[in-house]
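Have a look at the structure below, then the notes.
All values derive from a computational prediction rather than experimental measurement. Below, chain A is the first sequence line, B the second, and so on; all start at residue 1.
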Amino acid sequence: MSIQATPSPERGDFIREIVAADLRDGKHQTIVTRFPPEPNGYLHIGHAKAICIDFGVARDFGGRCNLRFDDTNPTKEEQEYIDCIQEDIHWLGFDWGEHLYYASSYFEQLYEWAVYLIKAGKAYVDDLTADQIREHRGTLTEPGKNSPWRDRSIEENLDLFDRMRKGEFPNGARVLRAKIDMASPNMNMRDPALYRILHAEHPRTGDKWCVYPMYDFAHGQSDAIEGVTHSLCSLEFEIHRPLYDWFIDNLPVPSRPRQIEFARLNITYTVLSKRVLLTLVKEGHVRGWDDPRMPTISGLRRRGFPAEGIRDFAALIGVAKSDSVVEVGLLEHVIRDVLNRKASRRFAVLAPLKVVIENYPEGQVEEMDAVNNPEDPSAGSRKVPFTRELWIEREDFMEEPPAKFFRLAPGREVRLRSAYFVTCREVVKDAAGEIVELRCTYDPATRGGDAPDGRRPKATLHWISAAHAMPAEVRLYDHLFTRPDPGADGDLFADLNPDSEKVLQGCFVEPTLAEVPVGETVQFERLGYFSPDPDSTPGHLVFNRTLTLKDTWAKLQAQGKQG
RNA sequence: UGGCGAGUGGCCUAACGGUAAGGCACCUGUCUCUGGAACAGGGGAUUGAAGGUUCGAAUCCUUCCUCGCCAGCCA
């Protein structure tokens with residue numbers, strides 16, 4: 001998507017209001033934002049919200065949004081993540097152009113700034129262990145104590161920091177700290193660590209460094225280097241802002257970025273925590289980072305969610321500072337809304353029941369014209385073969401139908417979509433009493449789906465010619481967790497939904513479905529939206545259910561059970 | 001019992017001193033070759049609480065309550 005200027009909203013969210021004011025007041029001529037992922041996992045829909053805000057604000061005001069990897073911790077970061085993150089952002093519909101950056105590109109500059117602070121008497125090398133530092137830090141209600149190493153000479157600090165860089169000390173032996181205020185009520189200001197020793201291979205800088213800057217020491221300065229004007233992040237960094245500003249105030253940085261925080265996304269029945277998602281992957285609870293049940297961007301993509309829907313969702317939930325939990329139903333509604341307009345309609349039978357049209361000529365094949373998308377006439381139509389033997393959905397027949405069941409039943413006539421009206425004449429059962437086949441008759445005058453005499457069946461069913469049906473595996477997905485607030489009882493994994501994936505074999509789909517490419521989502525009429533899984537091959541078709549259609553019949557049944 | 005931040009129908013968001021708006025969800029109907037979609041209508045908020053300022057407060061002030069975040073050599 002190209003970044004283009006659109007009229008700035010009179011009154012947008014609070015961030016856009018700040019940006020608009022800064023532009024109006026001449027504080028900035030043009031604005032720059034950035035999306036700063038740490039390459040330690042896959043992006044999820046919470047990041048998608050942030051991406052839509054970061055890139056969206058820049059776009060709305062004719063500015064620019066950089067992609068900058070916050071790669072300051074080589075023990076957790078991998079090239080695979082760097083690659084997938086870029087793919088996901090592009091798929092979402094955003095582009096950073098030439099502005100791809102890495103915090104690791106600024107390591108030399110950051111090191112120089114650390115030396116600058118030492119020389120200014122504002123940073124020192126601490127020999128305390130991590131445990132001792134913690135003890136000295138105090139608590140939320142008690143001030144901390146100064147480290148005994150806090151007042152080393154500048155010369156000694158310079159020498160020690162230089163030797164830290166040269167690799168003379170093991171991991172954890174020493175740390176460079178800012179000299180601020182051990183009694184600050186803000187824990188972040190109690191002499192925060194700036195650099196730690198990490199003898200680790202970095203995905204981009206290799207073994208060049210063995211000291212790495214902490215997030216706080218890298219982020220704001222990286223923003224300043226890139227000329228970022230508005231550094232948008234989530235609420236948990238609000239408490240870091242005084243420190244963010246302290247570095248900007250005390251360092252000769254080339255620009256003065258402003259950090260603005262917004263509430264991160266929470267969604268019912270889902271967990272948006274990279275740590276938890278990583279565990280789900282590592283412990284094999286899901287098929288991988290891109291499992292269709294995962295809230296990752298790659299998972300949603302594999303599930304069949306269109307990027308447009310995710311963008312619409314981000315726009316709909318808005319931007320604010322209050323913690324909130326969005327109902328997953330809203331996401332699903334937005335996705336259905338996009339898919340209803342865009343998805344091609346097809347026939348597929350998940351649980352097949354054989355139907356034989358007794359009065360239909362054996363061996364005859366008719367090509368029925370089926371509309372591809374009633375919402376979009378330009379989508380045209382396709383030919384679907386009709387023959388004497390068909391598959392219909394098992395759920396579409398009941399031998400003893402309850403009052404509100406409108407579908408097929410003995411003696412009842414229904415419409416086969418885009419084909420004929422058929423009437424059930426006989427139910428064939430096996431020795432066990434299981435229904436194995438329905439004997440029906442059709443009305444030749446109803447070809448195409450309309451009766452000359454104007455009669456209208458209460459139900460219209462989807463169907464597939466048995467001779468033309470393509471076998472397929474279909475994977476049905478449901479929420480990964482059983483409760484809206486997974487883990488609220490303490491054990492997150494106890495809340496995993498054992499039925500979040502159901503794999504159906506022996507499904508049948510219409511022939512055209514063999515050609516749907518991965519990445520496209522179609523509607524199986526009356527069933528829902530489905531998308532081919534990457535596991536799908538010409539010899540073994542596999543479809544993922546993206547979402548069901550809204551199903552008032554299922555709802556009625558559910559209510560009946562409760563009542 | 002430290003600091004920072006946030007409280008608006010079930011959920012999300014708006015209202016920028018002028019009398020609570022929209023989306024989702026829910027409920028009714030209409031229509032329909034998807035029990036989908038679409039369309040029409042409906043119920044539901046004394047804006048966390050109590051005071052105060054004002055002709056007038058969700059908006060300003062005070063106190064209180066609740067929730068979130070912060071004590072990594074993670075980001």
Side-chain angles (χ1 to χ4, degrees), chain A residues 11 13 17 36-38 40 70-73 75-77 126 128-130 133-135 137-144 171-177 183-190 192-198 211-212 214-216 218-219 233-242 261 263 268 274-275 316-334 336-337 340-341 345 347 370-371 373-375 404-407 415-419 421 446 448-450 456-462 484 523-528 548-556:
Chain A
R11 252 186 203 174
D13 51 75
E17 284 180 12
E38 183 192 10
N40 67 342
D70 234 328
D71 53 349
T72 57
N73 185 354
T75 65
K76 291 186 178 172
E77 298 155 4
D126 197 340
L128 255 30
T129 64
I133 287 181
R134 189 179 318 114
E135 285 161 15
R137 189 153 28 226
T139 68
L140 295 176
T141 52
E142 306 160 36
N171 288 355
R174 287 179 228 267
V175 75
L176 182 74
R177 293 227 258 169
S184 171
N186 182 341
M187 301 294 285
N188 292 291
M189 301 300 271
R190 318 244 265 227
L194 269 33
Y195 270 88
R196 75 284 217 190
I197 299 171
L198 247 32
V211 290
Y212 291 92
M214 298 288 291
Y215 163 85
D216 286 305
H219 203 94
C233 63
S234 45
L235 246 31
E236 63 266 34
F237 292 101
E238 202 159 29
I239 198 81
H240 291 249
R241 189 169 3 110
E261 314 84 12
T268 55
K274 274 199 206 173
R275 182 184 58 77
L316 216 51
I317 58 177
V319 184
K321 290 198 74 159
S322 62
D323 289 305
S324 57
V325 184
V326 178
E327 291 176 344
V328 71
L330 179 60
L331 206 213
E332 295 170 349
H333 166 264
V334 174
R336 282 193 184 96
D337 191 53
N340 176 52
R341 286 183 278 111
R345 266 110 255 227
F347 291 161
V371 170
N373 186 346
E375 303 295 317
K404 287 184 177 172
F405 184 84
F406 305 143
R407 286 110 95 149
R415 172 167 39 225
L416 293 183
R417 175 134 237 235
S418 308
F421 290 5
T446 58
D450 285 303
R456 293 171 158 178
K458 284 278 273 182
T460 299
L461 311 187
H462 58 279
Q523 182 190 110
F524 288 179
E525 291 220 30
R526 301 208 306 132
L527 296 175
T548 60
L549 249 27
K550 281 214 296 192
D551 189 343
T552 52
W553 166 241
K555 197 167 164 181
L556 268 179

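- Place A:Gly172 and A:Ser418 on RNA chain B by their nearest nucleotides, and A:Ser418 ends up nearer the 5' end.
- A:His219 comes within 4.0 angstrom of nothing in the nucleic acid, heavy atoms only.
- Taking the 5.5 Å centre cut-off and the 30° plane limit, the aromatic side chain of A:Tyr215 is not classed as stacked on B:A75.
- Residue-level contact check: A:Asp450 touches the bases, meaning some heavy atom is under 4.0 Å from a base atom.
- Comparing B:C70, B:U34, B:A25 against the side chain of A:Met187 picks out B:C70 as the nearest.
- The CG atom of A:Leu194 lies 9.0 Å from the CE atom of A:Met214; values are rounded to the nearest 0.5 Å.
- Residue contacts for A:Thr268: at a heavy-atom cut-off of 4.0 Å it reaches no nucleic acid atom on any strand shown.
- Scanning all heavy atoms of the two residues, the minimum distance from A:Leu235 to A:Lys321 falls at CD2-O, 3.0 Å.
- Regarding A:Leu330, its CG atom lies at a distance of 5 Å from the C1' atom of B:C24, rounded to whole Å.
- Counting any heavy atom pair closer than 4.0 Å across all strands shown, A:Val325 reaches sugar-phosphate atoms only and no base atom.
- The nucleotide whose nearest atom lies closest to any side-chain atom of A:Met214 is, among B:C74, B:C24, B:G36, B:C74.
- When both pairing distances are held under 3.5 Å, B:U28 makes a Watson-Crick or G-U pair with B:A40.
- In this model, no side-chain donor or acceptor of A:Glu236 finds a partner on the base of B:G68 within 3.5 Å.
- Going from atom CG of A:Leu194 over to atom C1' of B:C74 covers 15 Å, rounded to whole Å.
- To the nearest 0.5 Å, the span separating CG on A:Asn340 from CZ on A:Arg345 amounts to 5.0 Å.
- Across all strands shown, nothing is found opposite B:U1 as a Watson-Crick or G-U wobble partner with both distances under 3.5 Å.
- Within the 4.0 Å cut-off from OP1 or OP2 of B:C74, at least one side-chain nitrogen or oxygen of A:Arg196 is found.
- Taking the side chain of A:Leu549 as heavy atoms from C-beta on, and the options B:C73, B:A71, B:U34, the nearest nucleotide is B:U34.
- A:Val371 comes within 4.0 angstrom of nothing in the nucleic acid, heavy atoms only.
- A donor and an acceptor atom sit less than 3.5 Å apart, one in the side chain of A:Arg407 and one in the base of B:G35.
- Checking A:Asn186 against A:Trp553, the closest nucleotide of RNA chain B that is more toward the 5' end is the one next to A:Asn186.
- Atom name P, nucleotides B:G48 and B:U8: the rounded distance is 6 Å, in whole Å.
- Base-pair partner of B:U54: not found among the strands shown (Watson-Crick or G-U wobble, both distances under 3.5 Å).
- At the heavy-atom level, A:Phe237 lies under 4.0 Å from base atoms of the strands shown.
- Base contact: A:Glu375 has a heavy atom under 4.0 Å from a base atom.
- Across the C1' atoms, B:U62 and B:A45 are found 25 Å apart, a figure rounded to whole Å.
- Counting distance only, with no hydrogens placed and no angle test, the side-chain atoms of A:Glu238 and the base atoms of B:G3 include no donor-acceptor pair under 3.5 Å.
- In this structure, A:Asn340 reaches the bases: a heavy-atom distance under 4.0 Å links it to at least one base atom across the strands shown.
- Look at the P atom in both B:G22 and B:U63: the space between them is 36 Å, to the nearest Å.
- Using a 4.0 Å heavy-atom distance criterion, A:Pro374 is classed as a base contact.
- Using a 4.0 Å heavy-atom criterion, one finds that A:Glu142 contacts no nucleic acid atom at all.
- Within 4.0 Å of A:Ile317, counting heavy atoms only, lie sugar-phosphate atoms of the nucleic acid but no base atom.
- Counting any heavy atom pair closer than 4.0 Å across all strands shown, A:Ile197 reaches no nucleic acid atom.
- Within the 4.0 angstrom heavy-atom criterion, base atoms lie near A:Leu128.
- Base contact: A:Lys404 has a heavy atom under 4.0 Å from a base atom.
- With rounding to the nearest 0.5 Å, the separation of CG in A:Leu549 from CG in A:Leu527 is 8.0 Å.
- For the C1' atoms, the distance linking B:U66 with B:U47 amounts to 15 Å, nearest Å.
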